[in-house]
Amino acid sequence: MSAAPILLLGGSGQLGWALAPLLALQAPLVAPARAELDLGDATALRARLDTLRPQGIVNAAAYTAVDQAETQTALAWRLNAELPGELARWAAAHGAWLIHYSTDYVFDGTGSRPWREDDAPCPVNAYGRSKRAGEAAVLDSGARAFVLRVSWLYGLHSANFLKTMLRLGASRRVLRVVADQVGAPTGTGLVAEVSAELVRRLRAAPDACPVGLYHLAAAGETSWYDYAAFVFARAREAGWPLALEALEPISSTDYPAAAPRPANSRLDTTRLATTFGLRLPPWQDEVARTVAVLAEPLSLLPR
Ligand SMILES: NC(=O)c1ccc[n+]([C@@H]2O[C@H](COP(=O)([O-])OP(=O)(O)OC[C@H]3O[C@@H](n4cnc5c(N)ncnc54)[C@H](OP(=O)(O)O)[C@@H]3O)[C@@H](O)[C@H]2O)c1
């Protein structure tokens with residue numbers, strides 16, 4: 001088996017942080033920080049790839065500021081559309097594999113059926129358009145590549161909805177949360193575990209591995225409002241110091257944002273589950289674990 005390294009991009013992000021320890025179990029891992037490799041610089045990237053010659057690339061780097069992407073379109077396009085294409089073309093030319101991440105925001109959010117991989121993308125904001133261009137560039141490159149569309153990502157590391165709720169719930173008495181967008185909160189732990197399994201398959205039988213586009217989300221569905229209610233219930237059990245007295249449901253129109261969000265973010269994960277025999281756990285499992293881990297320091301205090 002090759003001892004060539006795996007290159008992880010975006011290792012300091014919320015997903016990259018969860019991926020790094022699992023990938024490092026399989027091969028030497030190289031995860032350059034932004035200061036060592038600015039992914040805005042295509043020439044520097046190319047030179048790094050040519051020097052490193054990784055056996056595979058896991059691309060967790062992205063421009064993820066959804067509202068700012070409406071105005072910083074060039075930067076979002078560079079990271080989300082051009083970079084994945086460059087990685088995929090390098091991988092195709094050098095026999096390397098690639099794992100790339102995309103999003104439920106490539107869909108327009110109409111209907112109530114979970115989106116399947118063969119549904120036509122139709123993004124409603126600049127971030128979604130840039131992510132769609134990136135996944136298309138990867139899938140068209142001929143590289144041995146997985147494109148994994150994930151939804152409502154959260155984890156222990158970096159800012160995300162779950163951690164924002166805990167922070168606001170500690171200081172605000174009333175919180176209003178959008179109740180008419182539906183999806184599945186998906187933890188970085190699940191995404192990292194599935195990614196590590198796909199890397200194992202790629203390394204074990206590269207030519208037999210059924211690469212391509214897959215939806216990867218936790219099982220079940222919820223709204224942001226019900227998700228927040230679940231987080232606060234678990235936080236209360238763990239003794240989190242909550243000032244919150246009322247959680248109120250609002251509609252998307254009551255919470256205007258620069259970038260419109262899809263109402264239906266449900267992803268159908270049948271293709272991933274059946275192709276690889278995976279059991280995707282209910283979204284509540286990792287949310288509960290994450291709240292418990294974040295609350296762990298409280299167990300040191302007297303009750
Ligand atoms: N967050 C979500 O809710 C969500 C939902 C669906 C899909 N996704 C997708 O899941 C993947 C991972 O998302 P995430 O939430 O983990 O992202 P994240 O926390 O925002 O991390 C992005 C990573 O990209 C790096 N990066 C950005 N610009 C760079 C540059 N010019 N040069 C070098 N590094 C750069 C960041 O480095 P710094 O630390 O230096 O900034 C960071 O490591 C992305 O493909 C995203 O589109 C996310």
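Since the model is a prediction, treat every value here as computed from it, not as a measurement. Start at 1 and go down the list; that is how both ligands and their atoms are numbered.
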N/O of [X] under 3.5 Å from N/O of ligand 1, yes or no?
| X | value |
| --- | --- |
| Thr103 | no |
| Asn59 | no |
| Tyr101 | yes |
| Trp152 | no |

Applying a heavy-atom cut-off of 4.0 Å, say which part of [X] lies close to ligand 1: side chain, backbone, both or neither.
| X | answer |
| --- | --- |
| Val150 | both |
| Ser102 | backbone |
| Ala62 | both |

Do Met165 and Phe232 come close enough that some side-chain heavy atom pair is under 4.5 Å?
->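 In short, these two side chains touch, coming nearer than 4.5 Å.
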Side-chain (Gln181) to main-chain (Trp224) donor-acceptor, under 3.5 angstrom |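 A pair under 3.5 Å: no.
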State the atoms of ligand 1, each with its element, that fall below the 4.0 Å cut-off from a heavy-atom position in Gly40.
->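 Close to Gly40: 31 (N).
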Short list, please: which atoms of ligand 1 are under 4.0 Å from a heavy atom of Gly13?
->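 Counting atoms of ligand 1 from 1, those under 4.0 Å from Gly13 are 19 (O), 21 (O), 42 (C), 43 (O).
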Let me have the donor-acceptor pairs involving side chains of residues 29-39, under 3.5 Å, with sequence neighbours excluded, atom names and distances please.
unit_1	atom_1	unit_2	atom_2	d
Glu36	OE2	Ala33	N	2.9
Asp38	OD1	Gly40	N	2.8

Of all residues at least two apart in sequence or in a different chain, which pass the ring pair (Phe, Tyr, Trp, His ring centres under 6.0 Å) check with Tyr101?
->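 Applying ring pair (Phe, Tyr, Trp, His ring centres under 6.0 Å) to Tyr101 gives none.
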